[in-house]
Amino acid sequence: MTEIKSPRGTADILPVEQAYWEYVRKYAGDTCHLYGYQRIDTPVFEETALFIRGVGKETEVVQKQMYTFDDNSGTSITLRPEGTAPVCRAYLEHGMHNMPQPVKLFYISPAFRYERPQLGRFRQHWQFGVEAIGEADPSLDAEIIDMAWRFYQGLGLKELSIKLNSIGCQLCRPSFLEALKSYYTKHTDKLCPECKERLTRSPLRLLDCKKLSCRELAKSAPLSSDHLCDDCKNHFSQLQHYLELLDLPFELDPCLVRGLDYYTKTVFEFLPREEGAQSALGGGGRYDNLIEELGGKHTPAIGFATGIERIILNLKKADIAIPPLPTPRVYIAYLGEQAKEEALKLAAELRQNNISAITSLGSRSLKAQMRQANTSGTAMVITIGENELKNNTVELRDMVNAEQRTIPRDEILALLN
RNA sequence: GUGGGCGUUGCCCAGAGGCUUAAGGCGCCAGGUUGUGGCCCUGGAGAUCGAGGGUUCGAAUCCCUCCGUCCACCCCA
């Protein structure tokens, strides 16, 4: 038993799990290329200021969930807690506004948040995210929701719902927040302690409190849709039109708000039909002011991100079959020291010809070698012993139908190719 | 940060103060007569019973502290 374990909320992804990971990663990449997204990789850590400015000083993430430390030069560094701000930073840093807009980028990278781990929630988790920067048209919102939907569907996660809302923009949100505040102020006696706090800090989040009494209140709370400015209203209704056009089964949810400050207009989430606690598989929204807040010129943008651990959790729950990872094609068994040398040479020769091969490497019985070949899942076993050495042949056994034949040593390569 | 459940070999788990030299299953290793896998049979290795302290003649078993883990809240992927 080792004394040092992986830090709390982190996990090793062992070989037995890798088929799931490869499946999801591969499908994510394929989907992105279908929609014209290109991969970007940003550093695991950034200057802390990026997240404070990007994500929002008052958000839970920035307030208490960041892994922040000073490096040796005294610069405050933070392990990326989310993927959007770094991508926007890269967009600005590399002058991507000079590329054809929108710039469509995707990433598959770990994110770090200091919080209590539980089902589907970790201190390090992997996010697959996409960002389309430089376009305000609601058809882009529809396209990104369509892409996320096809991605989940293609993986095999069919029982999902799409929640949709619009939380307005800088113009119309203030009046909505005022309406919310005045409504909730009348009912402070029925609010839970956390919500009393929210009333001044982040009134939007009053809407998605899960406490029963607060949910009751939320039912007759003012709706953001009643407070949208004309621009936001049009954007929202056009988006819904496009979603219908694309046959996407969205559900309007006036209580859907998201925890990061940069969202404007469109917000959406993907949830399993069977709801649980940490159920959101992914979500996203528009962030039309973020680039500007980071020092660029006004640049509308939208993004989507999903948690890979949660996807895999749901793949398992739904019993979805995953394509297995490849196993070596050939196992080379041998008997005796001289045969071993021949086996090593043959293995090298096969590999040079792109045929995957393993040898048994020890000096165990042929039976043991066969057992090992069986567990390692190779399709064939080549056996070399004294007889084969003498006759310049090998035994080639098909492990699936248990057929075996003797073939001349110099014909193996041609046979396997 | 708050509340609850649980920590026995690589994994699943029995045991609930002395009958434990801690049982069983999976997995691993070896063997079941000459150089052949999957099933079956036999044997073997592998555990300071999460850590530290206490109660007791005696603790895996009772008590305390810590740590870890799981579940829920908060928040989010």
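A note on names: the letters A, B, ... follow the listed sequences, proteins ahead of strands, and every chain is numbered from 1. Note that these values count all heavy atoms, side chains included, but never hydrogens, waters or copies made by symmetry. Remember, it's a predicted structure, so these values are computed and weren't measured experimentally.
Within the structure, every side-chain polar atom (N or O) of Gln118(A) is placed at least 4.0 Å from both OP1 and OP2 of C70(B). Under 4.0 angstrom from either OP1 or OP2 of G35(B) there lies no side-chain N or O belonging to Ser365(A). Under 4.0 angstrom from either OP1 or OP2 of G31(B) there lies no side-chain N or O belonging to Lys367(A). Phosphate proximity of G38(B) to Arg371(A): present, with a side-chain N or O under 4.0 Å from OP1 or OP2. Contact annotation: Arg364(A) side-chain N/O to A30(B) OP1/OP2 distance is under 4.0 Å. In terms of phosphate contacts, Arg116(A) brings no side-chain nitrogen or oxygen within less than 4.0 Å of OP1 or OP2 of C70(B).
Between Phe151(A) atom CZ and A77(B) atom P the separation is 15 Å, expressed in whole Å. Counting to the nearest Å, the P atom of G37(B) and the CD1 atom of Ile332(A) are 19 Å from each other. Between the P atom of A77(B) and the CZ atom of Phe106(A) lies a distance of 20 Å, rounded to the nearest Å. As rounded to whole Å, 13 Å separates atom C1' of A30(B) from atom CD of Gln372(A). Rounded to whole angstrom, the span from the CD atom of Glu395(A) across to the C1' atom of G35(B) amounts to 9 Å. Taking atom CE of Met380(A) as the reference point, atom C1' of G38(B) lies 18 Å away to the nearest angstrom. Between the C1' atom of G27(B) and the CG atom of Leu14(A) lies a distance of 15 Å, rounded to the nearest Å. Between the P atom of A77(B) and the CZ atom of Phe270(A) lies a distance of 13 Å, rounded to the nearest Å.
Contacts of Arg113(A) with the nucleic acid, taken as non-hydrogen atoms under 4.0 Å apart, include base atoms. Glu82(A) comes within contact range of no nucleotide atom at all, as no heavy-atom separation falls under 4.0 Å. Residue Gly336(A) is out of contact with every strand shown, counting any heavy-atom pair closer than 4.0 Å. Among the heavy atoms of the strands, none lies under 4.0 Å from Glu309(A). Among the atoms of the strands shown, base atoms are found under 4.0 Å from some heavy atom of Ala402(A).
Ring pair Phe270(A)/Phe304(A): centre-to-centre distance below 6.0 Å. Aromatic ring centres of Tyr37(A) and Phe106(A): separated by at least 6.0 Å.
A donor-acceptor contact under 3.5 Å links the side chain of Gln404(A) to the base of U36(B). A donor-acceptor contact under 3.5 angstrom links the side-chain atoms of Glu388(A) to the base of G35(B). For Gln124(A) and A77(B), a side-chain-to-base donor-acceptor distance below 3.5 Å is absent, hydrogens and geometry of angles not being considered.
Across all strands shown, nothing is found opposite G38(B) as a Watson-Crick or G-U wobble partner with both distances under 3.5 Å. Across the strands present, C73(B) finds its partner in G1(B); the criterion is a Watson-Crick or G-U wobble pair with both atom distances under 3.5 angstrom. Pairing for A59(B) is absent, judged as Watson-Crick or G-U wobble with the two contacts each under 3.5 Å.
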Could you pull out every donor-acceptor pair under 3.5 Å between side chains of residues 338-345 of chain A and any protein atom, sequence neighbours left out?
{"unit_1": "Glu342(A)", "atom_1": "OE2", "unit_2": "Arg409(A)", "atom_2": "NH1", "d": "2.3"}

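For Ala333(A), the side-chain contact (heavy atoms from CB on, under 4.5 Å) partners two or more places apart in sequence, or in a different chain, are Tyr331(A), Leu366(A), Gln369(A), Val381(A), Thr383(A).
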Would Phe128(A) and Phe151(A) count as a ring-ring contact (aromatic ring centres under 6.0 Å, His included) here? Give the steps.
CA-CA 11 Å; Phe128(A) 158 46; Phe151(A) 168 66; 5.0 Å; yes
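Between Thr378(A) and Glu269(A), the one whose closest nucleotide on RNA chain B sits nearer the 5' end is Thr378(A). The 5' end of RNA chain B is approached more closely, in terms of each residue's nearest nucleotide, by Arg8(A) than by the other of Arg8(A) and Phe122(A).
For the pair Arg123(A) and Tyr114(A), the cation sits on the ring face: its NZ or CZ lies under 6.0 Å from the ring centre, inside 45° of the axis.
In the displayed structure, Lys316(A) atom NZ is contacted under 6.0 Å by more than 12 heavy atoms of other residues, nucleotides or ligands.
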